[in-house]
Protein chains: 2
Amino acid sequence: MLTSACRYGVLAMIHLARNVDAGFIPVRQIGNDLDVSNPFLSKIMQQLVAHDLVVSLRGPTGGVKLSKSASSIVLNDIVEAIDGRKMLESCVLGLPGCGSNAPCPLHETWTSVRTDFCQMLENTTVATLAKNTDEQGLRLVPG
Amino acid sequence: MLTSACRYGVLAMIHLARNVDAGFIPVRQIGNDLDVSNPFLSKIMQQLVAHDLVVSLRGPTGGVKLSKSASSIVLNDIVEAIDGRKMLESCVLGLPGCGSNAPCPLHETWTSVRTDFCQMLENTTVATLAKNTDEQGLRLVPG
DNA sequence: AAGAATAAAGACTCTTTAATCCTAATTTAA
DNA sequence: TTAAATTAGGATTAAAGAGTCTTTATTCTT
């Protein structure tokens, strides 16, 4: 459903939202906190920077931070930045050209399920995820 | 969501249901009809045979056919036979150990979406898909 | 019994994703 | 101005999924 790069991106964004008061946070520190490889996470953060979800600063005291309020960033922003839109448009049976005018046997059913998923992505803000994580003691790391 | 092997398996099962009167059908012919590579489809059919969804016969006049009524085979039988249960159980953020007692921030939301998907897999029979394909002229092949 | 057609099984190759490594560019601080 | 810390970016390696090829075993037909 989501690539691992995308999953790491979501975890990093939640982490940034929970530490927004810290200003710029080094990518290495985020990787250590989340137990994600630093070079891989670097690449992912670059994509988030390119899509203006995150701003970065080089040099000492540098790092990354959210470009805007966590309540104005939804999951779908992150997914589109990293995975693109193909998951949102592809046929569940992989038939090229599948659509409402040339549907596959699962088209209607699948469209309904996918719509629910997309609404979840659109309606869930990073701020909400961060808040839930704090209040309910949820996990961002393996265990 | 589904591997390509699984998608081909679903297409092949629908094809078999639509041609159940033909008895054993050579895998090569199915591959040609569906525009799927024959050696790859062979492997997939072997998995379906191993899970008793399909029976096979070697030699001339051999091939494969459904092991039981198409109305008693649901999509989930095929998905489990080929992709296993990991999609049904894995955490959307990829956190090992994620579950109701140690949830990730998306656990509840994702569980709800996935439940809808699983119900679709459980409630959709191969017979229904074959019937819809016939009646509505749906496609099983790229175009 | 021999030959032909077929599925079964395993080894192999290709492509994509995941992850790493290394160098360059930038910024701060001493 | 120099050194250290950091992101940026390209090149490289590793792993997994997708797909192919070859050989073997089985079955029917003649």
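Just so you know, these numbers use all the heavy atoms, side chains as well, and skip hydrogens, waters and symmetry mates. Chain A is the first sequence line, chain B the second, and so forth, proteins listed ahead of strands; every chain is numbered from 1.
- Linking ILVMFWY side-chain heavy atoms closer than 4.5 Å, directly or via other members, places Ile78(A) and Leu41(A) in a single hydrophobic cluster.
- Put simply, Val92(B) and Leu138(A) are part of two different groups of oily side chains (I, L, V, M, F, W, Y) that touch within less than 4.5 Å, one to the next.
- Between the side chains of Gln119(A) and Asn123(A), no donor N or O sits under 3.5 Å from an acceptor N or O.
- Between the P atom of dT7(D) and the CD1 atom of Ile44(A) lies a distance of 14 Å, rounded to the nearest Å.
- Looking only at atom types and distance, the side chain of Thr3(A) has a donor-acceptor partner in the side chain of Asp83(A) under 3.5 Å away.
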Could you go through nucleotides 23-27 of chain D and list every protein N or O atom that sits under 3.5 Å from one of its N or O atoms, giving the distance for each pair?
from	atom 1	to	atom 2	distance (Å)
dA25(D)	N3	Arg58(B)	NH1	3.2
dT26(D)	O4'	Arg58(B)	NH1	3.3

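- When every heavy atom of Ser72(A) is checked against every heavy atom of Asp77(A), the shortest pair comes out as O-OD2, 4.1 Å.
- Cluster membership check: Met1(B) shares its hydrophobic cluster with Val10(A), using side-chain heavy-atom separations under 4.5 Å among Ile, Leu, Val, Met, Phe, Trp and Tyr.
- With a heavy-atom cut-off of 4.0 Å to chain B, the contacted part of DNA chain C has its first and last nucleotide at dA4(C) to dA11(C).
- Between the CZ atom of Phe40(B) and the P atom of dC21(D) there is a distance of 14 Å, given to the nearest Å.
- Defined by atom type and a distance below 3.5 Å, a donor-acceptor pair is present between the side-chain atoms of Asp33(A) and His15(A).
- Distance, Met1(B) CE to dG17(D) P: 17 Å, rounded to whole Å.
- In this structure, CD of Gln46(A) is placed 5 Å from C1' of dA8(D), rounded to the nearest angstrom.
- Of the residues in residues 8-37 of chain A, those with a non-hydrogen atom less than 4.0 angstrom from any atom of DNA chain C are Tyr8(A), Ser37(A).
- For the pair Arg7(B) CZ and dG17(D) C1', the interatomic distance rounds to 11 Å; values are reported in whole Å.
- Hydrophobic clustering, with ILVMFWY side chains joined whenever heavy atoms are under 4.5 angstrom apart, groups Trp110(B) together with Met87(A).
- Following rounding to the nearest Å, Leu41(B) (CG) and dT20(D) (P) show an atom-to-atom distance of 11 Å.
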Evaluate Val54(A) against Lys65(A) for side-chain contact (heavy atoms from CB on, under 4.5 Å), listing each step before the verdict.
CA-CA 6 Å; Val54(A) 160; Lys65(A) 67 174 182 181; over 6 Å; no
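- A straight line from CG of Leu48(A) to C1' of dA8(D) spans 14 Å, rounded to a whole angstrom.
- When heavy atoms are screened at a 4.0 angstrom cut-off, Thr3(B) is found touching the sugar-phosphate backbone but no base atom.
- Nearest heavy atom pair, residue Arg139(B) against residue Leu95(A), reads O-CD1, 3.5 Å.
- Between Lys43(A) and Ser56(B), the residue anchored nearer the 5' end of DNA chain C, judged by the nucleotide with its closest heavy atom, is Ser56(B).
- In this structure, a donor-acceptor pair under 3.5 Å is present between the side chains of Thr128(B) and Thr125(B).
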